[in-house]
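The structure appears below as structure tokens.
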Protein chains: 2
Amino acid sequence: MTRRTTLTEVAQQAGVSEITVSRVLRNSGPIAPATRERVMEAVRALGYVPNRVAGTLASSGSNLVGIVLPSLANIVFPEVLRGAAGPLAKMGYQPVIAVTEYDPAREEALIESLLAWRPAGLMVTGLEHTPRAEAMLRNAGIRVAELMDSDGAGIDIIVGFSNVDAGRIAARHLLSRGYRRFGYVGHGGGATIGKDLRAEKRWSGFAMTLKEAGYAVSDKEIVDAPSSVAAGRYGLAELLARSPGLDAVYLSNDDMALGGYFHCLSQGISIPGQLALFGHNALDVGQVAPQPLSTVRTPRLKIGEIGAKLVCGDAPPQTVDVGIELIEGATA
Amino acid sequence: MTRRTTLTEVAQQAGVSEITVSRVLRNSGPIAPATRERVMEAVRALGYVPNRVAGTLASSGSNLVGIVLPSLANIVFPEVLRGAAGPLAKMGYQPVIAVTEYDPAREEALIESLLAWRPAGLMVTGLEHTPRAEAMLRNAGIRVAELMDSDGAGIDIIVGFSNVDAGRIAARHLLSRGYRRFGYVGHGGGATIGKDLRAEKRWSGFAMTLKEAGYAVSDKEIVDAPSSVAAGRYGLAELLARSPGLDAVYLSNDDMALGGYFHCLSQGISIPGQLALFGHNALDVGQVAPQPLSTVRTPRLKIGEIGAKLVCGDAPPQTVDVGIELIEGATA
DNA sequence: GTGTTGAATGACAGCGCTGTCATGGCTGCC
DNA sequence: GGCAGCCATGACAGCGCTGTCATTCAACAC
């Protein structure tokens, strides 16, 4: 790395002390307009870019916010990130991101290396962490937000919704529409990817609600791959090949459900007459389809947004349930 | 921020000097096994997490890599990010991300604040930057990769493909299939979002190729919103309402094209008999649709991957054209 | 004229780590 | 036995900035 210009050089160029330059750049303390102008000119002339590494070390406070996401393979977590990016930028924070691929061990390692940067706050996904990860989060002395799930206890700030309820809503909707022979298509992780615990919570809410009503899932296909439209299409095809009598299928999310919908379109299976499909998330793409997917809307942008604001603020620890909403759609 | 344990405390606990602890933690220099064990025990006992801010300042070299993306609203850039995340993690680097919303001024500001963290490298999107942004990138003394576009000159490393060619390929395909009455549906930015220069390059390649063949685009609809499935659906509807005689429509990307496809499905417009649709990117979702979209495949994961590797390596400045591929699909 | 204020600036130490050079002890070899 | 050569460890300075306290000086009151 070539030597970059430092505060000292700017100070010399402007004929003032370093601390004065520092104050000008941070708008802190009283500065004579003439001095400010002279300093800014030197900054411009030298193309000076402040070194926040040094600044952070000196002031023990960075503008970094760590964001730990399980995956970037579908649009869900990028949307959370997008929700957070706005407020963070507005408040002068910089997101540092880490992707776990749903692997708790990787999450632990990533949390540690994020913490090494002494971030101002950390946003993580979900409530389940390894004991050491949780200990690190508790002892970090910074705000921590856990996103996307409110089914459980948290560390500091929780911003999410109940995945169990999402499954329940799906089940109740399908029951109320008169469907009785239920299937489920879920996603596994493939070889290198861990379990999607929130999808499992939805599944359990779904199964539980059916059971309470005296019904059950007749058949279940778990595609051994990360969630995707292709996986959903394949999974539904498999499921129907095995169990042609089903009249309603719950899929682990809208990617999967859209895949299932595509399968039905291709095969001439009439939706929802012959088969009902229900997803999760209310992704835009599913709502613009010829028949909007029946699903549950999750406010992902809002989760990122609120999470970011709380993590950078000084509100007390709290759980924000952003709520979810049944989207009746046209596929169930 | 609560006081966190420091190297010094670990050193005291282990009965060695700070530098020894430092060496153990970084596996640098010779360390007696017994000493190493004693140090690691102290680290564990105190829950010590190294402070990379201090480390970076002392050694003038961070493990941060800045990534500047125009948008997170569709899956394209998250895929680039995902492509980069793997190699970066493997090589021990941490991505810091910034989102410009296609605004060059915002890009300039974001590059500056990324540079303030003295990253090891920077990955930006596209070849067009403000003069000051470009100057900062050139003077930063770090590796810079410009991604997603190879139509122009770059600063250091370029990893991308020709968007002009993508437009040309689309035009040639439609021409070769015998279509003659062409339309275009593009996306603008909406109120707060800048121009998508790469989409404009595709458009220009498309229009140019038609012209060379003696044809032209009869009608054009630019939706004043960021690219999305909904925008594509709306845009195609508008275009067809105005110009019902078109027989082939090029859309600015696959999101838009999928929206158009959904519109046709809803309206009973037969594809590609009555109307041909051509997109860009070969998104998974479009390839799993009942009729796979006719489009051009862009290797987005690969771009992120190669960009990350080059930025963190010491290869000479170079342009890597990852190439694109016509996907004939079934919609044109 | 003296003292009081407040605005504007500076001197200095230190944030937590690592690079550099120095040191002590041990092995091996003629 | 003496010395080269290596292993293991340490002392010290300094990375580039900011917090704290001190200083200067003009304006103003009495």
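Predicted model, so just to flag it, every value in this text is computed and none were measured. Residue numbers start from 1 in every chain, and the chains themselves are labelled A, B, ... in the order their sequence lines are given, proteins ahead of strands.
For the helix from dG1(C)-dC30(D) to dC30(C)-dG1(D), the angle separating the two terminal helix axes comes to 50°, with each axis derived from five pairs and the value rounded to 10°.
Between K195(A) and E128(A), no side-chain nitrogen of the basic residue sits less than 4.0 Å from a carboxylate oxygen of the acidic one, so the salt-bridge criterion is not met. Residues R44(B) and E37(B) are paired through a salt bridge, judged by an N-O separation under 4.0 Å between the basic side chain and the carboxylate.
Here the P atom of nucleotide dG14(C) and the CG atom of L7(B) are 18 Å apart, to the nearest Å. Put simply, CZ on R4(B) is 11 Å from P on dC17(C), counting in whole angstrom units. Going from atom CH2 of W117(A) over to atom P of dG16(C) covers 15 Å, rounded to whole Å. One can place CZ of R118(A) at 18 Å from C1' of dT18(D), the figure rounded to the nearest angstrom. The interatomic distance linking R26(A) (CZ) with dG16(D) (P) rounds to 17 Å, in whole Å. We find that CG of N63(A) is positioned 15 Å from P of dC17(D), with the value rounded to whole Å. Rounded to whole angstrom, the span from the CG atom of L57(B) across to the P atom of dT18(D) amounts to 12 Å.
Distances shown here put a side-chain N or O of S22(A) below 4.0 Å from the OP1 or OP2 atom of dT18(D).
Listed by residue number, there are no residues of residues 44-56 of chain B with a heavy-atom contact under 4.0 Å to DNA chain D.
With values rounded to the nearest 0.5 angstrom, N51(A) atom CG is found 6.5 Å from L57(B) atom CG. Taken from CD1 in I303(B) to CD in E79(B), the straight-line distance is 10.5 Å, to the nearest 0.5 Å. In this structure, the separation between CD on E107(A) and CG on L114(A) is 10.0 Å, given to the nearest 0.5 Å. How far CD1 of I193(A) is from OH of Y102(A): 8.5 Å, rounded to the nearest 0.5 Å. Between the CG atom in L69(A) and the CE atom in M148(A) there is a gap of 9.5 Å [rounded to 0.5 Å]. The CD1 atom of I155(A) sits 4.5 Å away from the NE2 atom of H129(A) when rounded to the nearest 0.5 Å.
Using a 4.5 Å heavy-atom threshold, the side chains of N63(A) and M91(A) count as separate. Side chains of I111(A) and E134(A) form no contact here, defined as non-hydrogen atoms less than 4.5 Å apart. In this structure, the side chains of P119(B) and V96(B) stay at 4.5 Å or more apart for every pair of heavy atoms.
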Please write out the pairs of protein N or O atoms and N or O atoms of nucleotides 8-11 of chain D separated by less than 3.5 Å, giving the distance to one decimal.
{"from": "dT9(D)", "atom 1": "OP1", "to": "T35(B)", "atom 2": "OG1", "distance (Å)": "2.4"}
{"from": "dT9(D)", "atom 1": "OP2", "to": "A32(B)", "atom 2": "N", "distance (Å)": "3.0"}
{"from": "dT9(D)", "atom 1": "OP2", "to": "T35(B)", "atom 2": "OG1", "distance (Å)": "3.4"}
{"from": "dG10(D)", "atom 1": "OP2", "to": "S17(B)", "atom 2": "N", "distance (Å)": "2.9"}
{"from": "dG10(D)", "atom 1": "OP2", "to": "S17(B)", "atom 2": "OG", "distance (Å)": "2.9"}
{"from": "dG10(D)", "atom 1": "OP2", "to": "T20(B)", "atom 2": "OG1", "distance (Å)": "2.5"}
{"from": "dG10(D)", "atom 1": "O5'", "to": "S17(B)", "atom 2": "OG", "distance (Å)": "3.4"}
{"from": "dG10(D)", "atom 1": "N7", "to": "R23(B)", "atom 2": "NH2", "distance (Å)": "2.8"}
{"from": "dG10(D)", "atom 1": "O6", "to": "R23(B)", "atom 2": "NH2", "distance (Å)": "3.4"}

